[in-house]
Amino acid sequence: MKKLDKLIIRTFLGPFVATFFVTLFVLVMQFLWKYVDDLVGKGLDTMVIVQLIAYTSATLVTLALPLAVLLSSIMTFGNLGESFELVALKSAGISLLRFIRPLMVVCSIIGVLAFLFANYVIPVANLQAKSLLYDITYSKPAFNIKAGVFYRDIPGYTIKVAQKDKDNQTIHQVMIFDHSTGGGSGDKIILAEKGQMVLTANKRFLYFILENGWRYEEKGNRGYSVPGDMIRFSFKKYSKAFDLSSFAFNRLNTDLFASNQQMLNIKQLDFAIDSLQKSQVVFSKTVNAYVTVRFPFFRWKDSAWAATAPPLKVKDFEDVVPEKSRHSVLERAEQSVRETLSSLDAPTREYSDKHSVILMHKVEWQRKFTLAAACVVMFLIGAPLGSIIRKGGLGTPLVFAVIFFVIFNIFFMIGEKMARSGVMFTWSGMWLSNIVLLPIAGFLIYKAMNDSNLFNKEFYFRIYQKVKKFLQKFKRNKFKTQPTI
């Protein structure tokens with residue numbers, strides 16, 4: 001490897017590593033902002049949050065790589081242009097394509113590593129992240145009784161306290177409605193002037209140690225004509241235990257999510273797509289057989305039938321059906337149409353669902369390649385763009401990087417949505433963003449090779465001055481040619 005190649009690669013790797021982690025951090029923060037309502041108030045352990053962030057970060061690596069490559073390539077060639085190193089290289093007879101060649105190899109290696117990461121690591125990370133997020137989303141909020149509000153999150157109980165002290169343990173004017181017991185017992189009501197809330201060390205049970213209260217209980221079955229007995233107990237001190245096991249964070253078996261297309265690699269997706277397509281073919285044959293039995297007229301055509309239907313001599317429906325039978329005939333026809341449509345509605349929906357699942361698997365198959373190829377496409381945009389703008393640092397390169405990444409993301413989401421809905425082929429929809437950006441990359445490379453003034457303010461100022469002089473000259477000539485009165 002020549003010294004020039006080492007210089008360019010060394011100049012590129014530093015900004016690439018920094019921008020990659022910054023980009024990944026921004027994407028993770030966006031994820032946390034989206035699900036902050038599901039995370040707050042659940043009493044989750046620190047390790048659970050760390051695991052969720054780690055798995056989520058792994059799933060966002062392939063999305064952060066193209067932006068990191070774009071930004072770092074603009075910064076690299078912008079710094080070289082700003083320090084006139086690009087001018088020195090060109091004056092030595094080295095073309096643009098020659099000194100971007102080593103970075104092209106590096107970005108190709110990054111693209112291959114991105115594909116391998118998307119194929120072998122991200123499915124596992126997706127499985128863990130999605131299952132963990134599901135468990136967090138559907139877990140109950142942490143136990144928290146508020147003063148003056150009926151609390152119903154403990155199964156079988158409704159609790160209300162009028163006041164809570166600052167220690168968050170002492171409570172006043174306590175009401176507990178116990179409707180957890182079935183059978184012959186009625187609801188139980190406990191009233192107390194004050195009490196203490198004590199949580200066990202393992203957080204499994206919560207004890208209400210109540211003072212100066214009454215306990216009401218109705219004996220007997222409800223719904224019978226014979227009324228039950230009302231029993232009232234007074235107490236100076238009474239202890240009530242509540243089971244908080246339903247508030248514990250429990251993990252479901254990850255195998256329940258393993259069949260989702262985001263949890264599969266290329267080989268598994270190929271197998272799943274093949275199985276789904278075979279299932280769809282079998283379903284189509286079953287539906288066709290069902291339809292041909294019920295509606296043989298539409299399925300089978302006798303060989304003796306004419307190629308085209310003979311012209312009808314009847315001009316109106318009223319000429320064929322007598323007036324007294326028209327109402328009944330129309331009702332039977334309408335009922336037959338409704339029955340036909342209702343019998344075909346369920347198979348149509350099922351076929352559409354099966355086809356939608358196949359499309360989602362194909363979209364996920366293409367995604368593993370498109371995001372990896374996007375690393376190379378972004379480099380082909382960033383390298384010539386940096387040599388044109390000749391601005392280093394983080395300011396100007398970040399602006400252009402965000403613009404092109406927004407363009408890439410918009411077309412990527414549009415293409416994915418069209419591919420999922422069947423408007424476009426899955427390959428064309430998922431590759432739409434790269435197809436749109438490749439001509440832009442070619443245009444920028446052409447301009448950079450010819451020392452374009454595309455982003456030079458003086459270049460546009462000179463164009464403005466020329467246009468201004470042309471308009472002034474045109475205006476003077478127009479007034480000269482006007483006739484005098």
Side-chain angles (χ1 to χ4, degrees), residues 1-25 61-62 64-117 371-405 408 434 437-456 458-459:
M1 185 182 295
K2 296 184 178 181
K3 292 184 177 180
L4 175 63
D5 299 336
K6 293 181 180 179
L7 170 66
I8 296 175
I9 293 175
R10 193 183 306 114
T11 308
F12 172 80
L13 288 179
F16 170 74
V17 174
T19 54
F20 169 73
F21 283 105
V22 170
T23 304
L24 189 61
F25 175 78
V61 165
T62 53
L65 280 176
L67 180 56
V69 169
L70 175 62
L71 182 55
S72 57
S73 58
I74 296 176
M75 292 174 61
T76 299
F77 286 89
N79 288 326
L80 293 175
E82 192 174 20
S83 59
F84 298 101
E85 293 182 64
L86 287 180
V87 177
L89 291 172
K90 291 180 180 179
S91 63
I94 301 175
S95 65
L96 174 68
L97 297 179
R98 170 62 187 86
F99 60 79
I100 70 171
R101 187 173 65 186
L103 290 186
M104 183 68 184
V105 175
V106 171
C107 291
S108 299
I109 295 174
I110 292 174
V112 172
L113 294 177
F115 166 74
L116 295 176
F117 192 87
L371 291 177
C375 297
V376 180
V377 176
M378 289 299 182
F379 171 75
L380 294 177
I381 290 176
L385 188 61
S387 63
I388 292 173
I389 62 176
R390 298 175 184 176
K391 292 289 184 181
L394 194 61
T396 305
L398 180 61
V399 173
F400 286 100
V402 169
I403 291 174
F404 280 100
F405 187 75
F408 168 80
N434 290 331
L437 291 178
L438 268 178
I440 299 176
F443 172 76
L444 292 175
I445 291 174
Y446 170 77
K447 287 294 184 180
M449 292 179 65
N450 291 277
D451 295 328
S452 171
N453 293 318
L454 194 61
F455 298 100
N456 191 347
E458 186 179 353
F459 171 73

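Excluded from the calculations below are hydrogen atoms, water molecules and symmetry mates; all remaining heavy atoms, backbone and side chain alike, are included.
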The single option from Cys107, Ser73, Pro66, Ser72 passing side-chain contact (heavy atoms from CB on, under 4.5 Å) against Met378: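 Of Cys107, Ser73, Pro66, Ser72, side-chain contact (heavy atoms from CB on, under 4.5 Å) with Met378 is met by Pro66 alone.
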
Among Val106, Ile100, Leu70, the one residue meeting side-chain contact (heavy atoms from CB on, under 4.5 Å) with Phe379: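 Answer after filtering Val106, Ile100, Leu70: Ile100.
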
Minimum side-chain heavy-atom gap [X]-[Y] below 4.5 Å:
X	Y	value
Phe404	Leu385	yes
Leu380	Ile445	yes
Phe77	Ile388	no
Met75	Leu398	no
Leu67	Phe408	no
Leu71	Phe20	no

Taking all non-hydrogen atoms of both residues into account, name the closest pair between [X] and [Y] and its distance.
X	Y	result
Val376	Met104	CG1-CE, 3.3 Å
Leu65	Ala114	CD1-CB, 3.6 Å
Val69	Cys375	CG1-O, 3.4 Å

Reported OG1-to-CG distance for the pair Thr76 and Leu103, which is rounded to 0.5 angstrom: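 CG of Leu103 is found 6.5 Å from OG1 of Thr76.
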
Rounded distance (nearest 0.5 Å) linking atom CD1 of Ile9 with atom CZ of Phe16: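 Answer rounded to 0.5 Å: 13.0 Å.
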
